[in-house]
S.K.: 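Encoded as structure tokens, here's the structure I'll be asking about.
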Amino acid sequence: MKKILITGGAGFIGSHVVRLFVTKYPDYQIYNLDKLTYAGNLANLSDIENLPNYHFIKADIVDGEAMQKLFALHQFDGVIHLAAESHVDRSIANPLEFVMTNVVGTVNLLNAAKFHWKDNFDGKRFYHVSTDEVYGSLGETGYFTEETPYDPHSPYSASKASSDHFVRAYHDTYGLPVVLSNCSNNYGPNQFPEKLIPLFINNIRHNKPLPVYGKGENVRDWLYVVDHARAIDLIFHKGKDGETYNIGGHNEWKNIDLIKVICRIMDEKLGRAPGTSEQLITYVKDRAGHDLRYAIDAGKLQHELGWVPSLQFEEGIRLTIEWYLSNQAWLDEVTSGHYLKYYEEQYVKR
Ligand code: NAD
Ligand code: TDX
């Protein structure tokens, strides 16, 4: 039996990782630790919350003492660390919050693992989930590999880069058994509608403008969230100690082309005339420090561990749009209250 701590399990990617582990490994005890910020939502896990191997802990990773107490109480064998502030635009507005959660929170977890595992690292593993944004921005060609030097540009990516360095430092300095992955943009069910794809689906639903930053020429490499969760499972169990694995979909889209695909499928699903949703496209001021292009070379993960994405994009984006349209109550719930203030500050007062 293993006791695994998954942080940020009420968020977008974390909820898919928790679901996969709870259902695939009934012999493991899965502890989902989450502060339940605006981005955390236990409704994401309502289908598995009553399973006997699932446990929820409401806690803040910035509270180092609380982390030490939880490790002492539960004696975790493994950690899969996803909890983070994750939205670039929010990091531009409030960098310190990102330093606290992403850097200090990660170091608190590393300290708790180091302290409680120090007598015996056998069978222990600290898995840190990170992003391709730490590598900076690509030009028109080339890919990020695990050897690409770090070059973060936003407060978000700077905080994730810092946390990655701390995880590697704990491996090199104290021998903590760690593994890391850096993944490209995820999409799929349960993503908070501040991120491009769910935001635009929701705005089309309400006939609201679709705010495209700059000229819409930035490129992102999109991966279906369940494929990210599958990769995390594989790396957690089979990845080599101290190693980093890049995860990506080989699925690059210019923002404006992706947005037009979403518009086309939404018109079809909502029974609107072709071209209706595209009329909502509105070009707005560019994001400060906006990285031009991200693209991942996931060759190491494919060759060493045999991972490839399971879904083609056309299928994944259709499934995603269908999920949001069938779960409009979820969308309405998460876009009430504080969300409205966020939206007004982000998009109206520009
Ligand atoms: P998310 O914002 O949807 O979820 C983050 C979760 O962390 C939320 O449930 C939130 O309540 C929780 N959390 C935040 N601060 C906390 C704190 N101080 N203590 C405890 N819990 C806290 O994020 P996501 O998109 O699911 O991303 C998860 C992880 O994956 C992050 O580390 C992110 O950097 C990384 N990542 C995301 C993407 C992507 O495209 N979304 C891509 C690559 C890597
Ligand atoms: O309103 C918008 N208009 C727009 O043009 C928003 C929200 C975004 N964009 C652009 C900016 C990016 O080029 O769309 C692209 C995608 O934006 P986001 O969804 O905010 O994602 P990104 O900034 O690329 O970062 C994401 O991928 C890497 C996640 O938010 C990170 O957590 C992850 O690490």
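Numbering of ligands and ligand atoms starts at 1, following listing order.
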S.K.: Please check if the number of heavy atoms outside Glu268 that lie under 6.0 Å from its CD is greater than 12.
M.R.: yes
S.K.: Does Val129 reach ligand 1, in the sense of a heavy atom lying below 4.0 Å from it?
M.R.: yes
S.K.: Numbering the atoms of ligand 2 from 1, which are under 4.0 Å from a heavy atom of Val212?
M.R.: 5 (O)
S.K.: Whether Lys300 engages the ring of Tyr245 as a cation-pi pair (distance to the six-membered ring centre under 6.0 angstrom, angle to the ring normal within 45°) should be assessed.
M.R.: yes
S.K.: Among protein heavy atoms, which lies nearest atom 23 (O) of ligand 2, and at what distance?
M.R.: Arg287 NH1, 2.6 Å
S.K.: Is it the case that more than 12 heavy atoms not belonging to His206 sit under 6.0 Å from its NE2 atom?
M.R.: yes
S.K.: Number the atoms of ligand 1 from 1 as they appear, then name those within less than 4.0 Å of a heavy atom of Ser130, with their elements.
M.R.: 43 (C), 44 (C)
S.K.: For His228, is at least one N or O under 3.5 Å away from an N or O on ligand 1?
M.R.: no
S.K.: Below a 4.0 angstrom heavy-atom separation, can you tell me which part of His87, side chain or backbone, both or neither, approaches ligand 1?
M.R.: neither
S.K.: Give me the nearest non-hydrogen protein atom to atom 3 (N) of ligand 2 as residue plus atom name, then the distance to 0.1 Å.
M.R.: Pro211 O, 2.8 Å
S.K.: Please work out whether the ring planes of Tyr347 and Tyr343 are parallel, tilted or perpendicular, with thresholds of 30° and 60°.
M.R.: tilted
S.K.: Suppose I only count heavy atoms of Tyr156 and a 4.0 Å limit; which atoms of ligand 2 are within that range?
M.R.: 31 (C), 32 (O), 33 (C), 34 (O)
S.K.: Just checking Tyr339 against Phe192, ring centres under 6.0 Å apart?
M.R.: yes
S.K.: Determine, considering heavy atoms only, which of Leu196, Asn186, Asp286, Asn185 sits nearest to atom 27 (O) of ligand 2.
M.R.: Asn185
S.K.: For Asp164 and Ser130, does a side-chain donor sit closer than 3.5 Å to a side-chain acceptor?
M.R.: yes
S.K.: In terms of side-chain heavy atoms, does His128 have a donor or acceptor partner in Ser163 at a distance below 3.5 Å?
M.R.: yes
S.K.: Relative to the heavy atoms of Asn185, which atoms of ligand 1 are at a distance of less than 4.0 Å?
M.R.: 40 (O)
S.K.: Any chance the side chains of Ser157 and Ser154 put a donor and an acceptor closer than 3.5 Å?
M.R.: yes
S.K.: Mark up the atoms of ligand 1 that fall under 4.0 Å of a heavy atom belonging to Ser184, in ascending order.
M.R.: 42 (C), 43 (C)
S.K.: Between His290 (side chain only) and Asp286 (backbone N and O only), is there a donor and an acceptor less than 3.5 Å apart?
M.R.: no
S.K.: Judging by distance only, is a nitrogen or oxygen of Thr131 under 3.5 angstrom from one on ligand 2?
M.R.: yes
S.K.: Please determine whether the number of non-hydrogen atoms from other residues, nucleotides or ligands lying under 6.0 Å from atom NZ of Lys215 exceeds 12.
M.R.: no
S.K.: How far is atom 1 (O) of ligand 2 from its nearest protein heavy atom, and which residue and atom name does that atom have?
M.R.: Tyr347 OH, 2.6 Å
S.K.: For atom 40 (O) of ligand 1, what's the nearest protein heavy-atom neighbour? Residue, atom name and distance, please.
M.R.: Asn186 N, 2.8 Å
S.K.: As an exercise, identify every atom of ligand 2 less than 4.0 angstrom from a heavy atom of Asn255.
M.R.: 10 (C), 12 (C), 13 (O), 14 (O), 15 (C)
S.K.: Heavy atom under 4.0 Å from ligand 2: found in Asn218's side chain, backbone, both, or neither?
M.R.: side chain
S.K.: Ignoring hydrogens and angles, tell me if any N or O in the side chain of Ser162 forms a donor-acceptor pair with the backbone of Ala158 under 3.5 Å.
M.R.: no
S.K.: Can you say whether the rings of Phe126 and Trp117 are parallel (under 30°), tilted (30 to 60°) or perpendicular (over 60°)?
M.R.: perpendicular
S.K.: Does Arg90 count as lying over the ring of Phe98, i.e. NZ or CZ under 6.0 Å from the six-ring centre, within 45 degrees of the axis?
M.R.: no
S.K.: For Ser15, is the nearest heavy atom under 4.0 Å from an atom of ligand 1?
M.R.: no
S.K.: Using a 4.0 Å cut-off to any heavy atom of Leu199, which atoms of ligand 2 qualify?
M.R.: 1 (O)
S.K.: Using the rule given for side chain to side chain contact (heavy atoms under 4.5 Å, CB included), can you reason through Ile197 versus Asn185, listing the C-alpha separation, both sets of side-chain angles and the distance that settles it, and then say yes or no?
M.R.: CA-CA 10 Å; Ile197 291 181; Asn185 286 59; over 6 Å; no
S.K.: Output yes when the distance from some N or O of ligand 1 to some N or O of Leu82 is under 3.5 Å, and no in every other case.
M.R.: yes
S.K.: Would you say Cys183 has any N or O atom under 3.5 Å from an N or O of ligand 1, going by distance alone?
M.R.: no
S.K.: When you look at OH of Tyr283, are more than 12 heavy atoms from neighbouring residues, nucleotides or ligands closer to it than 6.0 Å?
M.R.: yes
S.K.: Less than 4.0 Å is my threshold; does some heavy atom of His290 fall inside it relative to ligand 2?
M.R.: yes
S.K.: Tell me if the aromatic rings of Tyr38 and His338 count as close, with their centers under 6.0 Å from one another.
M.R.: no
S.K.: Answer yes or no: is there a donor N or O on one side and an acceptor on the other, between the side chain of Asn53 and the main chain of Val22, under 3.5 Å?
M.R.: yes
S.K.: Under a 3.5 Å distance rule, please check whether Asp151 uses its side chain to pair with a backbone N or O of Val134 as donor and acceptor.
M.R.: no
S.K.: Using a 4.0 Å cut-off to any heavy atom of Glu194, which atoms of ligand 2 qualify?
M.R.: 7 (C)
S.K.: In ligand 1, which numbered atoms sit nearer than 4.0 Å to a non-hydrogen atom of Leu36?
M.R.: 11 (O)
S.K.: Considering only heavy atoms of His87, which atoms of ligand 2 have at least one such atom less than 4.0 Å away?
M.R.: 20 (O)
S.K.: Return yes when Ala10 approaches ligand 1 closer than 4.0 angstrom through a heavy atom, no otherwise.
M.R.: yes
S.K.: Within the 4.0 Å heavy-atom shell around Lys35, which atoms of ligand 1 are there?
M.R.: 16 (C), 17 (C), 18 (N), 19 (N), 20 (C), 21 (N), 22 (C)
S.K.: Counting heavy atoms only, which part of Thr7 comes closer than 4.0 Å to ligand 1: side chain, backbone, both or neither?
M.R.: neither
S.K.: What is the nearest protein non-hydrogen atom to atom 8 (C) of ligand 2, stated with its residue, atom name and distance?
M.R.: Tyr213 CE1, 3.6 Å
S.K.: Which heavy atom of the protein is the closest neighbour of atom 32 (O) of ligand 2, given with residue, atom name and distance?
M.R.: Ser86 O, 2.8 Å
S.K.: Heavy atoms only: which of Thr106, Leu33, Ile13, Thr37 lies closest to atom 26 (O) of ligand 1?
M.R.: Ile13
S.K.: Keeping the roles fixed (side chain from Asn32, backbone from Thr7), state whether a donor-acceptor pair exists under 3.5 Å.
M.R.: no
S.K.: Determine which pairs satisfy salt bridge (Lys or Arg N to Asp or Glu O under 4.0 Å) with at least one residue from residues 200-213, sequence neighbours left out, and list them in order.
M.R.: Arg205-Asp332
S.K.: Strictly under 4.0 Å, does any heavy atom of Gly9 approach an atom of ligand 1?
M.R.: no
S.K.: Relative to atom 14 (C) of ligand 1, which among Ala59, Ala84, Gly40 owns the nearest non-hydrogen atom?
M.R.: Ala84
S.K.: Should Ile61 be counted as touching ligand 1, given the test is an N or O pair under 3.5 Å?
M.R.: yes
S.K.: For ligand 1, which atoms have a heavy atom of Asp60 less than 4.0 angstrom away?
M.R.: 17 (C), 18 (N), 19 (N)
S.K.: Among all protein heavy atoms, pick out the one at the shortest distance from atom 8 (C) of ligand 1; state its residue, atom name and that distance to 0.1 Å.
M.R.: Asp34 OD2, 3.6 Å
S.K.: Examine ligand 1 and decide if any of its atoms is less than 4.0 Å from a heavy atom belonging to Tyr156.
M.R.: yes
S.K.: Which atoms from ligand 2 have a heavy atom of Lys195 less than 4.0 Å away?
M.R.: 19 (O), 30 (O)
S.K.: Are Tyr156 and His87, when compared by the centres of their aromatic rings, separated by less than 6.0 Å?
M.R.: no
S.K.: By number and element, which atoms of ligand 1 are closer than 4.0 Å to a non-hydrogen atom of Lys160?
M.R.: 31 (C), 32 (O), 33 (C), 34 (O)
S.K.: Got a sec: does the CD of Glu333 have more than 12 other heavy atoms crowding it under 6.0 Å?
M.R.: no
S.K.: Closest non-hydrogen protein atom to atom 28 (C) of ligand 2, residue and atom name please, with distance?
M.R.: Glu133 OE2, 2.9 Å
